[in-house]
Amino acid sequence: MYDPECGWSLSFGGSGFLGLYYVGVTHCLSERAPYLLHNARMILGSSAGALHAATFLSGIPLDRVLQIIMDLTWKARRQNLGVLHPSFNMGKYLRDDLQEHLPDNVHQLISGKIGISLTRVSDRRNVLVSDFQSKAEVVDALLCSCFIPFYCGLIPPAFRGVRYIDGGFSDNLPLADVKTTITVCPFYGEFDICPKIKSTNFLHVNVTNVSFHLCLRNFHLLSRSLFFPPGCEMMRETCLHGYLDACRFLEENGISDRPQLCPSLSSEEKEPEAILPCWEDQRQQLSLILGLAEGEELMERLSTLPWDEHILDTLSPRLAAGLAEATRDRGGYLSRLSSLLPVWVMYYVMLPVELAVALLHRLLIWLPNSPDDFIQWLQWATSQVCARLMTCLLPSSRFQRPASGQPVPSHPAGCSSADL
């Protein structure tokens, strides 16, 4: 939680394809309480939360961040099987985007300011990494923090010679200090900034330091974050809810009711877009747009509304413009052609062949880069499976015990029963 005397940190949990929620939260804080971001002792994250923390601390512009997230989502949605299609290589797409968009001095920009949650493969313990010597180490750490076995591949990536997997398996919401860390998560649960449910009659489960409400909305969000990437409309709605939940957090804690510029920024660095109308003026304007009755709570009403461009345009014109550009319709003639019934049927008829080709291609790329110990284990496992199959398919080859009273045949010299 925010504590001006003891200091504070921010923590972003794993969220998969719901990363636009963090963009909405961060943009709201940067406009209305920028000191929460710039003066934080550390910004921590796991998986998608670590990616967001790295892009923010690297100073990547808002428009480019939105474009990166939407490009990755579009690549996952363009296949009918989505992320489950063998041709979708999450690790390769992430590595290419990080190499292209992160600045060359990113290790200098984020060292000591970020905490990336990793799970060590050897003992499944959590490791929090914050210091880096090069851009390559930053990329390796982020890839390790996002690696889900079988979902992203078979062989976990390595950071400084040690193999790690997704930090969410050991600590999905890393905390620098329990009392002074502002927690952010796009799922319904016990977090400082998250979607809220008015009723409190919900069961919850604590998994790797994350308290989830057991409700249908959370299961829907979880499926969207991993297996069924949301469409453009839901992505815009997710970003809007992140912005609104951050506004609610600021309002409930009395941290800020109007835009405040970070004290560390000079007057030349202050952007004119950061100057917004007073929050009370925006509340009145939104009440008129939504036609709220007197006494009706604005924040509760906004949290249940679907995407409405007028709401975000009133709250943050810059974010609304960036979302409109990043989520514009990419459909063309090929997209319309693929939606026709004959093409759709033909695709599913050819799907087994396409899957076989994609799997063979992944195998040819994967085998040369496989570690020696894994290849040896794979050969041993394959031989065991083949031996078991031969035993099941050819029962006559099994060793037959002699009937009672019959002599046991002796083995030739130099031959043992194991050789038969």
Student check: side-chain heavy atoms of [X] and [Y] closer than 4.5 Å:
| X | Y | value |
| --- | --- | --- |
| Ile68 | Arg64 | yes |
| Ser9 | Ile43 | no |
| Phe12 | Thr26 | yes |
| Ser47 | Cys146 | yes |
| Pro229 | Trp74 | no |
| Leu323 | Leu66 | yes |
| Ser316 | Glu31 | yes |
| Leu94 | Val139 | no |

Is the shortest distance from a Lys or Arg side-chain nitrogen in Arg125 or Asp171 to a carboxylate oxygen in the other one below 4.0 Å?
no
Minimum heavy-atom separation for [X] and [Y], please, with both atom names.
| X | Y | value |
| --- | --- | --- |
| Leu118 | Ser170 | O-OG, 3.7 Å |
| His101 | Ile60 | O-CD1, 3.7 Å |
| Ile148 | Asp166 | CG1-OD2, 3.5 Å |
| Ala50 | Ser145 | CB-OG, 4.0 Å |
| Leu109 | Ser58 | CD1-O, 3.8 Å |
| Pro230 | Met235 | CG-SD, 3.2 Å |

Could you tell me whether a side-chain N or O of [X] sits under 3.5 Å from a main-chain N or O of [Y], the two making a donor and an acceptor?
| X | Y | value |
| --- | --- | --- |
| Ser111 | Asp131 | no |
| Asn253 | Phe249 | yes |
| Tyr164 | Val127 | no |
| Ser30 | His27 | yes |
| Arg163 | Val121 | no |

Identify, with sequence neighbours excluded, every residue that meets side chain to side chain contact (heavy atoms under 4.5 Å, CB included) alongside Pro149.
Phe147, Ile165, Phe169
Residue set satisfying side chain to side chain contact (heavy atoms under 4.5 Å, CB included) with Glu325, at least two apart, ordered chain then number -> Arg328
What's the separation between atom [atom1] in [X] and atom [atom2] in [Y], rounded to the nearest 0.5 Å?
| X | Y | atom1 | atom2 | answer |
| --- | --- | --- | --- | --- |
| Ile114 | Leu142 | CD1 | CG | 6.5 Å |
| Leu173 | Glu190 | CG | CD | 12.5 Å |
| Phe228 | His220 | CZ | NE2 | 10.5 Å |
| Leu244 | Glu237 | CG | CD | 10.5 Å |
| Leu221 | Leu216 | CG | CG | 11.0 Å |
| Phe56 | Leu51 | CZ | CG | 15.5 Å |

Are Phe132 and His107 an aromatic pair by the rule of ring centers under 6.0 Å?
no
Derivation of the side chain to side chain contact (heavy atoms under 4.5 Å, CB included) call for Trp8 and Thr181
CA-CA 6 Å; Trp8 63 92; Thr181 301; over 6 Å; no
Distance-only polar pair, side chains of [X] and [Y], donor-acceptor under 3.5 Å:
| X | Y | result |
| --- | --- | --- |
| Asp245 | Tyr21 | yes |
| Asp63 | Gln67 | no |
| Thr238 | Arg224 | no |

Residue from Ile69, Leu226, Thr73 passing side-chain contact (heavy atoms from CB on, under 4.5 Å) with Phe17:
Thr73
Residue pair Thr183, Leu175: steps toward the side chain to side chain contact (heavy atoms under 4.5 Å, CB included) verdict
CA-CA 8 Å; Thr183 55; Leu175 303 176; 3.6 Å; yes
Does Lys75 qualify as a cation-pi partner of Tyr93, given the criterion of NZ or CZ under 6.0 Å from the six-membered ring centre and within 45 degrees of its axis?
yes
Please assess Leu44 against Ile116 for the test side chain to side chain contact (heavy atoms under 4.5 Å, CB included), listing each intermediate value before the final yes or no.
CA-CA 6 Å; Leu44 309 103; Ile116 300 178; over 6 Å; no
Looking at Asp104, I want to see if its CG is surrounded by more than 12 non-hydrogen atoms of other residues, nucleotides or ligands under 6.0 Å.
no
Can you tell me if NZ on Lys135 sees more than 12 non-hydrogen neighbours from other groups inside 6.0 Å?
yes
Please lay out, stage by stage, how Arg248 and Ile193 fare under the test side chain to side chain contact (heavy atoms under 4.5 Å, CB included).
CA-CA 8 Å; Arg248 180 195 297 108; Ile193 301 178; over 6 Å; no
